[in-house]
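What's counted below: heavy atoms across the whole structure, side chains too, no hydrogens, waters or symmetry copies. Order of the sequence lines fixes the chain letters, A, B, ..., with proteins taken first and strands second; residue numbering starts at 1 for each chain.
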Amino acid sequence: MRIATFNVNSIAQRIEPLKQWLKEREPDVVCLQELKCVDQAFPRGAFQDLGYNVAVHGQKTYNGVAILSKLKFDEVEARLPGDHSDDHARYIEAVISVKGGVVRVASIYLPNGNPAPGEKYDYKLAWMERLTAHARALLANEEILVLGGDYNVCPTDADVYDPEAWREDALCRPESRANFRKLLYLGYTDAVRAHHAEPGLYSFWDYQAGAWQKDNGLRIDHLLLSPQAADRLTAVGIDKAERGKTEPSDHVPVWCELDVAA
DNA sequence: ATGCCGGGCGAAGCCCGA
């Protein structure tokens with residue numbers, strides 16, 4: 001079973017490249033972020049035509065998350081618990097039936113947090129604390145669980161092209177990294193790091209300043225696996241080539257393969 | 001790279017992302 005995460009930077013602008021990538025990579029489940037559209041405007045038909053069920057939690061102009069799944073959804077829950085006043089569409093979670101059990105998947109668009117320090121950084125850190133509390137609660141289910149998304153955190157200096165230049169940025173500041181590590185300490189596994197120790201593995205390249213051409217990238221899109229998922233991890237990948245195609249997102253898909261019969 | 005690009009909104013120029 002292949003599960004991917006992809007920040008599309010506007011689903012309306014990415015329909016054709018996303019469809020092409022789905023045909024080539026054939027993921028069973030895809031977590032999408034930064035839809036920048038309301039639920040009614042999501043191009044469901046384009047993905048249903050490829051055999052995907054669609055769960056959307058959209059928002060006008062900003063944010064917006066979705067899950068595509070070849071297998072049907074048993075449950076879908078939008079919104080991260082812990083703050084009813086939070087109206088950003090940044091979280092959706094689904095339970096998917098597989099042979100002999102279920103797989104739970106969440107699509108996460110964690111706040112960027114810049115400029116830091118400031119209100120936006122406080123919001124990011126508070127959001128991460130809510131995510132940690134929810135992630136802790138989910139572990140009690142002992143399920144095959146994947147928390148996929150744009151975490152807007154470079155976990156270590158090995159995940160940044162120029163660590164010194166980014167040290168004060170909200171993506172790299174110690175509080176952001178400490179909160180990311182708390183997720184790992186709960187028992188989650190960073191799928192990419194489970195298979196690859198080398199630096200220079202990136203999932204985002206800015207549109208500006210020739211970042212792509214200079215390979216000035218960041219690794220901020222992650223798949224965090226519950227122990228039950230990590231035990232079944234057989235492969236991971238970052239589809240870097242997508243960034244070099246026409247009209248790309250500034251992020252690329254990250255995927256993992258779990259030994260689970262779909 | 002401090003927003004140089006790209007997208008949304010909405011019909012010019014501002015806001016936003018990372």
Inset, instruction - Record whether the side chain of A:Q208 comes under 3.5 Å of the base of B:dG3 through a donor-acceptor pair of N or O atoms. - result: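 Counting by modelled atom types and ignoring angles, a donor-acceptor contact under 3.5 Å is found here.
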Inset, instruction - Check whether the side chain of A:D206 and the base of B:dG3 form a donor-acceptor pair under 3.5 Å. - result: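 Donor-acceptor pair under 3.5 Å: yes.
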Inset, instruction - Using the P atoms only, state how far B:dG10 lies from B:dA1, rounded to an integer number of Å. - result: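 Roughly 35 Å separates the two P atoms.
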Inset, instruction - Determine the interatomic distance between P on B:dT2 and the same-named atom on B:dA12; round to the nearest Å. - result: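 Those two atoms are separated by 31 Å.
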Legend entry - Side-chain heavy atoms of A:Y91 within contact of A:H57, under 4.5 Å: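 A side-chain contact under 4.5 Å is absent here.
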Inset, instruction - Side-chain contact test, heavy atoms from C-beta onward, threshold under 4.5 Å: evaluate it for A:F6 versus A:L68 and give yes or no. - result: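 A:F6 does not reach A:L68 side chain to side chain.
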Within this structure, what is the [atom1]-to-[atom2] distance between [X] and [N], rounded to whole angstrom?
| X | N | atom1 | atom2 | answer |
| --- | --- | --- | --- | --- |
| A:I220 | B:dG17 | CD1 | P | 13 Å |
| A:K36 | B:dC16 | NZ | C1' | 7 Å |
| A:E247 | B:dG8 | CD | P | 11 Å |
| A:F204 | B:dA1 | CZ | C1' | 12 Å |
| A:R90 | B:dG17 | CZ | C1' | 10 Å |
| A:Q213 | B:dC5 | CD | C1' | 11 Å |
| A:Y121 | B:dG17 | OH | P | 16 Å |
| A:L35 | B:dG8 | CG | P | 11 Å |

Inset, instruction - Would you please name every residue forming a side chain to side chain contact (heavy atoms under 4.5 Å, CB included) with A:K72, sequence neighbours left out? - result: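 For A:K72, the residues satisfying side chain to side chain contact (heavy atoms under 4.5 Å, CB included) (neighbours in sequence not counted) are A:N53, A:D74, A:S97.
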Legend entry - Residues which pass side chain to side chain contact (heavy atoms under 4.5 Å, CB included) with A:D169, listed by chain and number, not counting sequence neighbours: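 Side chain to side chain contact (heavy atoms under 4.5 Å, CB included) check on A:D169 returns A:N114, A:W166, A:L171.
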Inset, instruction - State whether A:S10 places a side-chain N or O below 4.0 Å from either non-bridging phosphate oxygen (OP1 or OP2) of B:dG8. - result: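 Checking B:dG8 against A:S10, a side-chain N or O does come within under 4.0 Å of OP1 or OP2.
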Just checking [X]: base, sugar-phosphate only, or nothing, at a heavy-atom cut-off of under 4.0 Å?
| X | result |
| --- | --- |
| A:A165 | sugar-phosphate |
| A:N114 | base |
| A:Y109 | sugar-phosphate |
| A:K120 | sugar-phosphate |
| A:D221 | nothing |
| A:E34 | sugar-phosphate |

Legend entry - Positions of residues 57-67 of chain A (non-hydrogen atom under 4.0 Å from DNA chain B), listed by number: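 Close to the strand are A:K60, A:T61, A:Y62.
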Inset, instruction - Go through the side-chain N and O atoms of A:S10 and A:E34 and say whether any donor and acceptor fall under 3.5 Å apart. - result: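 There is no such pair (donor and acceptor under 3.5 Å, judged by atom type) between the side chains of A:S10 and A:E34.
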Inset, instruction - Nearest-nucleotide wise, let me know which of A:W166 and A:Q13 is further upstream toward the 5' end of DNA chain B. - result: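 Final value for this comparison: A:Q13.
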Inset, instruction - Would you kindly compare A:D162 and A:I11 by the position of their nearest DNA chain B nucleotide and give the one closer to the 5′ end? - result: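 The answer here is A:D162.
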Legend entry - Sole candidate of A:L258, A:D259, A:V146 that passes side chain to side chain contact (heavy atoms under 4.5 Å, CB included) when paired with A:L233: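 The single option meeting the side chain to side chain contact (heavy atoms under 4.5 Å, CB included) with A:L233 is A:L258.
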Inset, instruction - Give a yes or no on this: more than 12 heavy atoms of other residues, nucleotides or ligands lie within 6.0 Å of atom CD of A:E77. - result: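 No.
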Inset, instruction - Treat each ILVMFWY residue as a node, draw an edge where side-chain heavy atoms are under 4.5 Å apart, and state whether A:L201 and A:Y161 are in one component. - result: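 Per the 4.5 Å side-chain linkage, A:L201 and A:Y161 are co-clustered.
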